[in-house]
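Down below is the structure, laid out as structure tokens.
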Amino acid sequence: MKTSRYGGLKTFKVSDKRGRMVTVLPPAPRGTETLQGFHKRRDRERLDQLAYVYLKDASAFHRIADLNEAILPDALDEVVEIAIPEKVR
């Protein structure tokens with residue numbers, strides 16, 4: 001997918017703890033996001049829903065997580081006011 005933050009990253013092989021060779025990706029680079037504004041979260045709103053509303057791409061939830069300095073999106077589960085990045089044109 002062209003909006004994937006893993007697009008263009010090269011895979012490589014490593015040995016797992018059982019000695020099997022597995023193909024892996026390096027960690028995705030963090031985005032350099034520009035703040036669009038803040039969203040006051042209501043009960044049960046998920047990042048993918050906010051990404052669809054503000055960025056028109058539900059799979060861009062990682063951009064919201066990056067801007068809010070969360071390595072894992074679940075780290076924002078209890079955050080009430082979430083920073084929203086600018087929509088990419």
Side-chain angles (χ1 to χ4, degrees):
M1 177 178 256
K2 70 179 181 178
T3 61
S4 172
R5 62 183 173 167
Y6 294 96
L9 294 180
K10 302 290 184 201
T11 61
F12 57 97
K13 299 214 181 258
V14 296
S15 178
D16 70 6
K17 67 180 181 178
R18 295 161 116 188
R20 299 174 296 182
M21 293 304 288
V22 293
T23 303
V24 297
L25 279 168
R30 293 184 66 85
T32 54
E33 301 295 344
T34 304
L35 179 66
Q36 176 184 152
F38 292 92
H39 174 84
K40 187 168 182 180
R41 200 176 205 172
R42 292 181 285 279
D43 193 32
R44 296 197 167 111
E45 284 182 315
R46 299 186 321 262
L47 290 189
D48 62 323
Q49 294 168 324
L50 297 178
Y52 182 77
V53 168
Y54 289 103
L55 308 174
K56 304 302 182 226
D57 181 1
S59 67
F61 66 89
H62 62 86
R63 294 184 52 218
I64 296 172
D66 283 351
L67 184 61
N68 287 274
E69 298 181 0
I71 294 172
L72 299 173
D74 292 347
L76 297 174
D77 282 350
E78 301 299 318
V79 175
V80 175
E81 194 169 82
I82 295 184
I84 304 293
E86 287 283 337
K87 183 178 174 187
V88 177
R89 300 187 199 284

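Quantities reported herein were computed from a predicted structural model and do not represent experimental measurements. Residue numbers start at 1 and run along the sequence shown.
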Step through the shown structure and confirm whether more than 12 heavy atoms of other residues, nucleotides or ligands are within 6.0 Å of CD on E78. no
Any idea which heavy atoms bring L35 and A83 closest together, and the distance? CD1-CB, 3.7 Å
What's the separation between atom CG in L67 and atom CD1 in I84, rounded to the nearest 0.5 Å? 8.0 Å
Charged N-O contact under 4.0 Å between R46 and D48: yes
Between R41 and L47, is there a side-chain heavy-atom distance shorter than 4.5 Å? yes
Same cluster (ILVMFWY, side-chain, under 4.5 Å), V53 and F38: no
Checking side chain to side chain contact (heavy atoms under 4.5 Å, CB included) against Y54, which of Q36, K87, Q49 comes through? Q36
Return yes if some donor-acceptor pair links the side-chain N/O of D16 with the main-chain N/O of R18 below 3.5 Å, else return no. yes
Pairs flagged by salt bridge (Lys or Arg N to Asp or Glu O under 4.0 Å) wherever residues 61-75 is involved - sequence neighbours left out: R5-D66, R30-D66, E33-R63
Heavy-atom pair with the smallest gap, counting every atom of L55 and P85: CD2-O, 3.4 Å
Are more than 12 heavy atoms from other residues, nucleotides or ligands located less than 6.0 Å from atom CD1 of I71? no
What pair of heavy atoms forms the shortest contact from A51 to I64, and how long is it? N-CD1, 3.7 Å
For P26, side-chain contact (heavy atoms from CB on, under 4.5 Å) partners two or more places apart: L9, F12
